[in-house]
*Asks:* 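This is the structure, below, for whatever I ask next.
In what follows, chains are A, B, ... by sequence order, proteins preceding strands, each numbered from 1. Just so it is clear, the model here is predicted, and its values are computed rather than measured.
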There are 2 protein chains.
Amino acid sequence: MTEMSGAPSSGTGVPGRIGIGLQLDAIHMKILEVLRENGRISVAALAERVGISRASAYTRFEALRADGVIKRFTADVDHVRAGLGITALVFVTVRQQMWKQFRAQLAQMPEVEYCAITTGQHDAMIQIRMADVAAIHALVTERLASIPAVKATETVFILDEVLKRPYVLPSDRRPAATARTRRPPADPPAQANVPLGKMRFVVAAEGRADMHREP
Amino acid sequence: MTEMSGAPSSGTGVPGRIGIGLQLDAIHMKILEVLRENGRISVAALAERVGISRASAYTRFEALRADGVIKRFTADVDHVRAGLGITALVFVTVRQQMWKQFRAQLAQMPEVEYCAITTGQHDAMIQIRMADVAAIHALVTERLASIPAVKATETVFILDEVLKRPYVLPSDRRPAATARTRRPPADPPAQANVPLGKMRFVVAAEGRADMHREP
DNA sequence: GTTGAAATTAGTACGAA
DNA sequence: TTCGTACTAATTTCAAC
């Protein structure tokens with residue numbers, strides 16, 4: 001369920017599929033913008049908000065769906081109200097050449113909302129939601145740690161989710177600045193003023209070349 | 001847009017709202033289960049799949065929406081297809097007593113898909129999506145690092161998103177095990193066998209008590 | 001890509017169980 | 001509360017332009 005394969009975000013369910021598919025124009029983007037905020041809007045209303053005819057809206061809507069640009073429509077649920085009050089991030093170090101097993105085990109854990117393979121100190125980050133702290137602890141110690149592919153874990157709790165956007169679009173630009181904070185248009189790029197010491201990119205750990213290979 | 005306030009996941013837009021609201025029963029959960037997989041299903045079809053009448057489905061559907069259990073419906077878009085091929089996680093150390101400013105600045109950055117305040121070595125984790133690595137670099141060095149509230153950042157790239165579920169429900173239990181991997185029902189809890197050394201819970205950093213206070 | 005009309009479906013309002 | 005039905009409004013489909 002909801003598993004992704006191979007390269008980042010390439011899980012369309014059609015393994016052999018390659019190519020650009022749809023070339024998205026400004027109207028496609030506008031459609032996506034509306035749909036991310038109201039996934040249940042009628043196509044008629046969508047057409048009006050985007051400024052095209054209903055028939056075109058149906059055509060483009062279908063094309064976006066068929067081409068996999070829109071993967072699904074979903075309800076955004078309040079986890080706390082639904083009974084899962086605690087969220088944690090678990091950073092996992094995966095044993096070399098056991099990635100396939102790790103993926104398979106994760107697929108068996110419905111409590112895992114998100115899993116990404118990352119560069120840096122750890123190999124993967126997973127997000128889990130549970131009813132309470134004890135349940136998080138139990139999951140990490142009893143189920144995650146018992147996976148042979150898992151070499152080590154590091155858990156942090158989420159104290160507050162400040163921002164959660166359904167997804168980001170290329171058309172998302174910085175919102176129009178207010179008069180108080182607007183910069184002059186001719187402002188030079190800030191690159192020269194960047195305090196470089198503030199930033200640190202973390203390189204990949206050793207033993208990652210086998211990431212998509214099998215044991 | 002899409003900002004959350006105060007306590008974890010409590011952003012309902014109704015600041016004074018306190019209390020349990022709806023008491024969710026099994027049918028509510030079933031409704032949520034259907035809706036997370038198909039957010040555009042008609043209420044009639046929903047009623048059929050859940051096994052209640054059309055009228056009841058409307059009532060419960062509206063109640064879930066009005067009570068904030070369902071926060072919104074949204075389209076799940078393929079970021080790569082939409083033109084944002086690179087995803088990164090940025091771990092941010094926030095200067096003490098500047099949380100409010102940090103939040104305000106984040107709200108101005110539409111490229112940020114997710115931001116959570118965490119325990120552990122860093123104070124916050126944000127997820128950003130950009131067209132390429134250079135754009136990530138530019139965002140982190142030019143915009144994030146120039147926020148006074150940001151003391152330091154650490155960036156890792158996401159190489160693959162293995163799993164991404166719309167959300168997790170309490171009713172999600174471990175999927176029915178296959179014959180090959182099923183355990184006997186009387187299996188003792190694995191607690192005694194846990195290799196505790198594998199796990200490490202990370203405590204909060206110093207200076208976090210002021211998290212919700214202002215400068 | 002657009003408009004307009006037919007067919008279908010959705011949303012609402014009742015009384016009854 | 002939930003169900004069943006009937007009524008009205010809206011949406012989707014399909015045609016021709």
Side-chain angles (χ1 to χ4, degrees), chain A residues 19-78 80-83 166 169-171, chain B residues 12-14 17-78 81-83 166 169-171:
Chain A
I20 50 165
L22 263 187
Q23 191 65 33
L24 305 185
D25 59 22
I27 293 174
H28 285 121
M29 285 302 174
K30 237 175 168 180
I31 291 174
L32 294 178
E33 274 171 46
V34 173
L35 251 25
R36 77 173 155 182
E37 307 222 326
N38 183 5
R40 273 184 86 87
I41 194 174
S42 72
V43 182
L46 174 68
E48 195 185 18
R49 286 190 55 178
V50 170
I52 56 177
S53 70
R54 286 164 311 180
S56 294
Y58 277 106
T59 307
R60 285 169 174 271
F61 182 87
E62 258 313 296
L64 286 170
R65 246 185 161 319
D67 212 68
V69 179
I70 298 174
K71 290 186 286 191
R72 64 155 56 113
F73 290 92
T74 187
D76 199 352
V77 168
D78 188 313
V80 179
R81 292 275 179 86
L169 287 178
S171 50
Chain B
T12 59
V14 189
R17 212 183 190 305
I18 293 200
I20 50 165
L22 264 186
Q23 192 66 32
L24 305 185
D25 59 23
I27 293 174
H28 285 121
M29 285 302 175
K30 237 176 168 178
I31 291 174
L32 294 178
E33 273 171 47
V34 173
L35 251 23
R36 79 172 153 182
E37 307 223 325
N38 183 3
R40 272 184 86 87
I41 194 174
S42 72
V43 181
L46 175 67
E48 196 185 17
R49 285 190 56 179
V50 171
I52 57 177
S53 74
R54 226 157 59 89
S56 296
Y58 274 108
T59 307
R60 284 170 173 271
F61 182 88
E62 257 315 304
L64 286 170
R65 244 184 162 317
D67 213 66
V69 179
I70 297 175
K71 289 186 287 190
R72 65 153 60 111
F73 290 93
T74 188
D76 199 351
V77 168
D78 188 313
R81 291 275 180 86
L169 287 179
S171 50

*Asks:* Given that B:G51 and A:A45 both sit by DNA chain D, which one's nearest nucleotide is further toward the 5' end?
*Replies:* B:G51
*Asks:* What is the distance from CD of A:E62 to C1' of D:dT13, rounded to the nearest Å?
*Replies:* 12 Å
*Asks:* 5'-most contact on DNA chain C: B:A55 or A:A57, nearest heavy atom basis?
*Replies:* A:A57
*Asks:* For C:dT2, does OP1 or OP2 lie under 4.0 Å from any side-chain N or O of A:S56?
*Replies:* yes
*Asks:* Write down the distance between CD1 (B:I41) and P (C:dT9), rounded to a whole number of angstrom.
*Replies:* 14 Å
*Asks:* Using the rule side-chain contact (heavy atoms from CB on, under 4.5 Å), only one of A:I31, A:L35, A:T59 pairs with A:L64; which is it?
*Replies:* A:I31
*Asks:* Calculate the interatomic distance between A:R40 atom CZ and C:dT9 atom C1'; express it in whole Å.
*Replies:* 13 Å
*Asks:* Output the rounded distance in Å from CD1 (B:I27) to C1' (D:dT1).
*Replies:* 10 Å
*Asks:* Please figure out whether B:T59 or A:Y58 has its closest DNA chain D nucleotide nearer the 5' end.
*Replies:* B:T59
*Asks:* If you compare all heavy atoms of B:L24 against all heavy atoms of A:A82, which two are closest, and at what distance to 0.1 Å?
*Replies:* CD1-CA, 4.0 Å
*Asks:* Okay, side chain of B:R40, backbone of A:R72: is any donor-acceptor separation there less than 3.5 Å?
*Replies:* no
*Asks:* At their closest point, which heavy atom of A:A57 faces which heavy atom of A:A47, and how far apart are they?
*Replies:* CB-CB, 3.5 Å
*Asks:* Among the nucleotides D:dC3, C:dT2, D:dT11, which one has an atom lying closest to any side-chain atom of A:A44?
*Replies:* D:dT11
*Asks:* Checking B:D78 against A:K71 for the salt bridge (Lys or Arg N to Asp or Glu O under 4.0 Å) test, could you report, in this order, the C-alpha distance in whole Å, the side-chain angles of both residues, the deciding distance, and whether it holds?
*Replies:* CA-CA 6 Å; B:D78 188 313; A:K71 290 186 286 191; 5.1 Å; no
*Asks:* When the distance from CD of B:E48 to C1' of D:dC3 is rounded to whole Å, what number comes out?
*Replies:* 16 Å
*Asks:* Please report the distance, rounded to the nearest Å, between CZ in A:R54 and P in C:dT3.
*Replies:* 9 Å
*Asks:* Using whole Å, what does the distance between atom P of nucleotide C:dG1 and atom CZ of A:F61 come to?
*Replies:* 16 Å
*Asks:* Please give, in whole Å, the distance from C:dT2 P to A:R60 CZ?
*Replies:* 8 Å
*Asks:* Do the side-chain N or O atoms of A:S42 get closer than 4.0 angstrom to the phosphate oxygens (OP1, OP2) of D:dT11?
*Replies:* yes
*Asks:* Can you tell me which nucleotide in C:dT2, C:dG1, D:dT13 comes closest to the side chain of A:I52?
*Replies:* C:dT2
